[in-house]
**Student:** 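What follows is a single structure, and I will ask about it in a moment.
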Amino acid sequence: MGSLVSCMSDPCPSASPPPQAKRRSSTSSRGRGGGGGGRDSAKATMAIDEEALAAAAALVLGQRGAVGAFERSASVRCAAKRQGQGPPLPRSSSTRPRSLADPELQPQHLLAKDLNTKDLETNIIVLVHGGGFGAWCWYKTISLLEDSGFKVNAIDLTGSGIHSYDTNKISSLSEYSEPLTSYLKGLGDAQKVILVGHDFGGACISYAMEMFPSKVAKAVFLCAAMLTNRHSALGMFQQQMDTNGTLQKAQEFIYSNGKDRPPTAINIDKALLRGLLFNQSPSKDVSLASVSMRPIPFAPLLEKLVLTAENYGSVRRFYVETTEDNAIPLPLQQSMCGTNPPEKVLRLKGADHAPFFSEPQALHKTLVEIATMPPVQAS
């Protein structure tokens, strides 16, 4: 967000127009060099891109009710066609049995083994993505939480994910957060949820907590903007600039109202996505993000939140730190917790700015830990 600060202090019209967003990931363009090795690399990257596109398309169709759950393996999908054609295809790593010592599976099984979510204060978890992301980024978290018995809702904020709205036309935080507030408004009087906000989604859940405090049992800020009253997300980043300049270099401003007017949205340079957001994440998830991320609306970043002790302050807050985060570095996360202390701070070691990709099992364990904390007894 360093360039956000410079944009507010220097005349924005002097900046050069942002380059056209590319639809292919940066790794694809790097693999186009000459020679057999370059062609092999390009083919491999193209295969990853096609797989990511297929996954994104399937997610979109699934959320629209057109298809059922994902088929987890080509060997499962093709098994019927191969009857009588020799031995079956080997089962993929996503479907074959795992060892009980497998660290990727063991935490889930241990947590789900004796957990009865019906006994909890609430078993409804609402996942709110960060700037540029969409509900699609939570696919691993959704699966793990549902396997543990939770009811999970991943929200597409206005102009994000598959929400069909022009990001450049979003003029306020309330407009950007409308899908979330509409969902909370539709809950029954006795229903409560756990809100989980990632990145700029932290400002969105703060806004929702102020509006509907009685419907939020707990709020989880996942390497997110946890703001105080009368402060904005832009102000948060002004407190501590990105020390290595990666965030500033990655931002591309969009001026849909003309260069003589303030920016309307921000794109993230695809060539710098991995280093900024996904430095610890699997390549397949980076490819999925590179074809699924959308521009970040600019106006909500500038808006100062109005947060009261009676509403926002009455909701239990938890902060989850990510130690390898290049977008919101750990010192900035700790600074926010020091200024606006939550009930408890938890830490995901080895997680980048997308812990739902880089540390999905550890994130799942942390969310279950928070969800199972008993209600605070009134004194």
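Throughout, numbering of the chain's residues begins at 1 and tracks the sequence.
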**Student:** Using only heavy-atom distances, determine whether the side chains of Y176 and E303 contain a donor-acceptor pair under 3.5 Å.
**Tutor:**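 No - no donor-acceptor pair under 3.5 Å links their side chains.
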**Student:** Mind jotting down which residue pairs meet the salt bridge (Lys or Arg N to Asp or Glu O under 4.0 Å) criterion with at least one end in residues 316-330? Sequence neighbours excluded, please.
**Tutor:**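 Every pair satisfying salt bridge (Lys or Arg N to Asp or Glu O under 4.0 Å) with a residue in residues 316-330: R316-E343, E321-R347.
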**Student:** Are any of the side-chain heavy atoms of T141 and V196 separated by less than 4.5 Å?
**Tutor:**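 With C-beta onward as the side chain, the pair stays apart.
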**Student:** Establish, from distance only, whether the side-chain atoms of Y139 and D285 form a donor-acceptor pair under 3.5 Å.
**Tutor:** yes
**Student:** Does H231 reach the side chain of M336, with side-chain heavy atoms less than 4.5 Å apart?
**Tutor:** no
**Student:** Does T372 reach the side chain of T117, with side-chain heavy atoms less than 4.5 Å apart?
**Tutor:** no
**Student:** How about NZ on K140, more than 12 heavy atoms from neighbouring residues, nucleotides or ligands closer than 6.0 Å, or not?
**Tutor:**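 Enclosed: over 12 neighbouring heavy atoms sit under 6.0 Å from NZ of K140.
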**Student:** Which heavy atom of C204 sits nearest a heavy atom of L157, and at what distance?
**Tutor:** SG-CD1, 3.7 Å
**Student:** Taking the side chain as every heavy atom from C-beta outward, state whether F200 and L173 have any pair of such atoms under 4.5 Å apart.
**Tutor:**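 A side-chain contact under 4.5 Å exists here.
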**Student:** D352 and S281: side chain to side chain donor-acceptor pair (under 3.5 Å), yes or no, with the steps?
**Tutor:** CA-CA 7 Å; D352 57 21; S281 297; 2.7 Å; yes
**Student:** To the nearest 0.5 Å, how far apart are CG in L288 and OG in S283?
**Tutor:** 12.5 Å
**Student:** Would you call the rings of F253 and Y255 parallel, tilted or perpendicular, taking 30° and 60° as the class edges?
**Tutor:**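 Answer is tilted, since the angle falls between 30° and 60°.
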**Student:** Can you list everything that forms a side chain to side chain contact (heavy atoms under 4.5 Å, CB included) with A224? Sequence neighbours excluded, please.
**Tutor:** F221
**Student:** With heavy-atom distances below 4.5 Å as the criterion, would you say the side chains of D199 and L277 are in contact?
**Tutor:**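 When only atoms from C-beta onward are counted, L277 and D199 do not touch, as no gap falls below 4.5 Å.
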**Student:** Parallel under 30°, tilted from 30 to 60°, perpendicular over 60°: which one fits the rings of F278 and F357?
**Tutor:**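 The arrangement is tilted - the two ring planes meet at 30° to 60°.
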